[in-house]
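The next block holds one structure in the form of structure tokens; read it before the comments.
In what follows, chains are A, B, ... by sequence order, proteins preceding strands, each numbered from 1.
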There are 2 protein chains.
Amino acid sequence: MQDEMVLSVEAAERNGLLEKIRRLVLGGDFPPGAVLPEAFLAQEFEVSRTPVREALKQLQNEGLVEIRPKVGTFVREPTRREIIELFQVKESLEGLAVSLLARRGATAELSALRLNLEDSEAAVLTNDSEAYARLVHEFHWTIVRGSDNLKLVEHYERLMNQLAYQRLVLRTVEHPGRLAASTREHRAVLEMIEHKDPFGAETAMRNHVHASSREALTDPVQSLRN
Amino acid sequence: MQDEMVLSVEAAERNGLLEKIRRLVLGGDFPPGAVLPEAFLAQEFEVSRTPVREALKQLQNEGLVEIRPKVGTFVREPTRREIIELFQVKESLEGLAVSLLARRGATAELSALRLNLEDSEAAVLTNDSEAYARLVHEFHWTIVRGSDNLKLVEHYERLMNQLAYQRLVLRTVEHPGRLAASTREHRAVLEMIEHKDPFGAETAMRNHVHASSREALTDPVQSLRN
DNA sequence: GACGCGCTTCTTGCATGCAACATAGGCTGT
DNA sequence: ACAGCCTATGTTGCATGCAAGAAGCGCGTC
């Protein structure tokens, strides 16, 4: 199992190209709807069109780009409805993850979460949005990885890519009061884990994700108006 | 949203190849571990190696095959641990689906489920394993589609492909008494949906999936011994 | 007889060329 | 002036050719 992860990482680095293009799309270097010609990417990364094509097909499968046959490849932005749907799935998967983690009582992840919470509270006090966004990301990923369920991790990763999560978080994090509320919710989750209460942890986590999704969706951003 | 589904279906039929190869792998025509040369598939489906390659990469991404660079492509069978992990995710996703469906109170899906249950009980009485396997499949898919959450449907489809579910169900279905128990659990789920009780429905569904996973895993099949 | 080395063969990985199609812009006819 | 067509161009889709690496097999040597 561990071997597979190493292998897949190695494979990813060998390909590399997929990750590079994905970061290009997720990073917002290209505006949504922009055309993404194979020939350009091929030249950009100094490979031929063939591996670029393969990578783009994967990205289409993930829902990040749309390949219109004989027309072109376009950066795809999730619709508002898709974001709602994805958050529902996120809630479910993270609920499962934290429930499994609470059942395991894994000490390594627990201490990581405690440290994370301390840092988060410090970031709230100094109003450091950027650091907080990073810490939130880390908190959720620590829990998912802590579930010790690789398939869950894989599906979660796919989900987060589809959500283009980074872009969303960077906005919601700037809502007044949200940082403090979010941290309180994190603390509630952590306490449930410490109490080895899988059900309570799952409930707390789902409440948290639900709250965070409402924040993300009430964000009056033009690009989410479709 | 509906358009996208149509588009993706059309795209799938245009490609077709991916589905064909997937069925080949899932159908068990090739034993797990068997080599699956690009050249052979290319000749078999009368296309060149390029589209075959693209399809195989997708299947690798789904976890159905393993491409060992410069060596070959092999049919991959989920390990026992992976099956456990996948069932945990399945439990979570189907729980979400049924909860959403119960909240919607969709009448079309409800009547489909009622009919399904009647047919299932008839299949139990006549001990028609094959029909029952099909009905179970239909029951779960009706619920997932009834969630009216396309992203959930997509992730679920991916999950089921990874599980090679058909192969598993055809075995567990032959456990004595399992058919009747499974049908009772289905009825419990349906009743919760009819009562518009999302939480109760989710709980019932998760119990059902959990029970079914225990059945699948206690099945003494050689191929699951790894 | 056993071990080690090299070659042969099979596989994938990638580059390139050509064909098919969609789209946009201009041109012509009314 | 406007509508319709037609062509030019850009894009993807696919086939093919070649290179590189891995694994198995046979041969030679100890």
Side-chain angles (χ1 to χ4, degrees), chain A residues 3-4 6-22 24-25 29-77, chain B residues 3-4 6-22 24-25 29-77:
Chain A
D3 291 342
E4 283 173 25
V6 171
L7 276 179
S8 75
V9 167
E10 282 176 358
E13 302 218 348
R14 193 183 47 73
N15 279 345
L17 192 62
L18 180 67
E19 278 304 318
K20 284 179 187 171
I21 298 181
R22 186 187 282 123
L24 220 63
V25 173
D29 299 342
F30 286 82
V35 52
L36 208 57
E38 294 174 2
F40 168 78
L41 294 173
Q43 207 168 17
E44 182 76 10
F45 296 112
E46 295 179 344
V47 291
S48 102
R49 277 180 50 216
T50 308
V52 171
R53 259 189 84 68
E54 288 175 0
L56 285 179
K57 266 215 150 186
Q58 300 272 350
L59 291 181
Q60 177 182 237
N61 187 269
E62 291 179 17
L64 288 177
V65 304
E66 178 186 359
I67 302 178
R68 294 171 57 186
K70 311 282 190 166
V71 177
T73 305
F74 302 86
V75 177
R76 198 172 171 297
E77 187 174 47
Chain B
D3 291 343
E4 284 170 24
V6 172
L7 277 179
S8 75
V9 168
E10 282 177 359
E13 302 219 347
R14 195 183 46 72
N15 280 346
L17 193 62
L18 179 67
E19 278 304 318
K20 286 179 187 170
I21 299 181
R22 186 186 283 123
L24 220 63
V25 173
D29 299 341
F30 287 82
V35 53
L36 207 58
E38 294 175 1
F40 168 77
L41 295 173
Q43 208 168 17
E44 182 76 10
F45 296 111
E46 296 180 343
V47 291
S48 101
R49 276 182 50 220
T50 309
V52 171
R53 262 189 79 69
E54 288 176 359
L56 286 178
K57 267 216 148 184
Q58 300 271 352
L59 291 181
Q60 179 185 38
N61 185 270
E62 291 178 17
L64 288 178
V65 304
E66 179 185 359
I67 302 177
R68 294 172 56 186
K70 310 283 188 164
V71 177
T73 305
F74 302 87
V75 177
R76 199 174 169 296
E77 188 174 48

Using a heavy-atom cut-off of 4.0 Å across all strands, would you classify R68(B) as base, sugar-phosphate, or nothing? sugar-phosphate

SB check K57(B) E54(B) (cutoff 4.0 Å): no

Side chain of S48(B) only, heavy atoms from C-beta on: which candidate in dC14(C), dT12(D), dC14(D) is closest? dC14(D)

Rounding to an integer number of Å, can you tell me how far F45(B) CZ sits from dA15(D) C1'? 18 Å

In whole angstroms, the gap separating C1' of dC14(D) from NZ of K70(A) amounts to 8 Å

Nearest-nucleotide wise, let me know which of P51(A) and L36(B) is further upstream toward the 5' end of DNA chain C. L36(B)

Atom-to-atom span, CZ of R53(B) to P of dT16(D) - whole angstrom: 16 Å

Measure from CD on Q43(B) to C1' on dT16(D) and round the result to the nearest Å. 15 Å

Categorize V47(A) for me: base, sugar-phosphate, or nothing, with a 4.0 angstrom heavy-atom threshold over every strand shown. sugar-phosphate

Considering just the side-chain nitrogens and oxygens of T73(A), establish if one lies under 4.0 Å of OP1 or OP2 belonging to dT11(D). no

Taken to the nearest whole Å, CZ/F74(B) to P/dT11(C) is 10 Å

Write down the distance between CZ (R49(A)) and C1' (dT12(D)), rounded to a whole number of angstrom. 6 Å

Given that E46(B) and E38(A) both sit by DNA chain D, which one's nearest nucleotide is further toward the 5' end? E38(A)

Does a side-chain heavy-atom distance below 4.5 Å link F30(A) with V35(A)? no

When you measure from the side chain of I67(B), which nucleotide among dT12(C), dA22(D), dG13(D) comes out closest? dT12(C)

Give L56(A) one of three labels, base, sugar-phosphate or nothing, depending on what nucleic acid heavy atoms sit under 4.0 Å from its own. nothing

d(CG, L17(B); C1', dC14(D)) in whole Å: 12 Å

With distance as the sole test, does Q60(A) use its side chain to make a donor-acceptor pair with the main-chain N or O of I67(A) at under 3.5 Å? yes

Please report the distance, rounded to the nearest Å, between NZ in K57(B) and P in dC14(C). 7 Å

Working for salt bridge (Lys or Arg N to Asp or Glu O under 4.0 Å), residues E44(A) and K20(A): CA-CA 11 Å; E44(A) 182 76 10; K20(A) 284 179 187 171; over 6 Å; no

Check: E66(A) and T73(A) side chains under 4.5 Å, non-hydrogen atoms: no

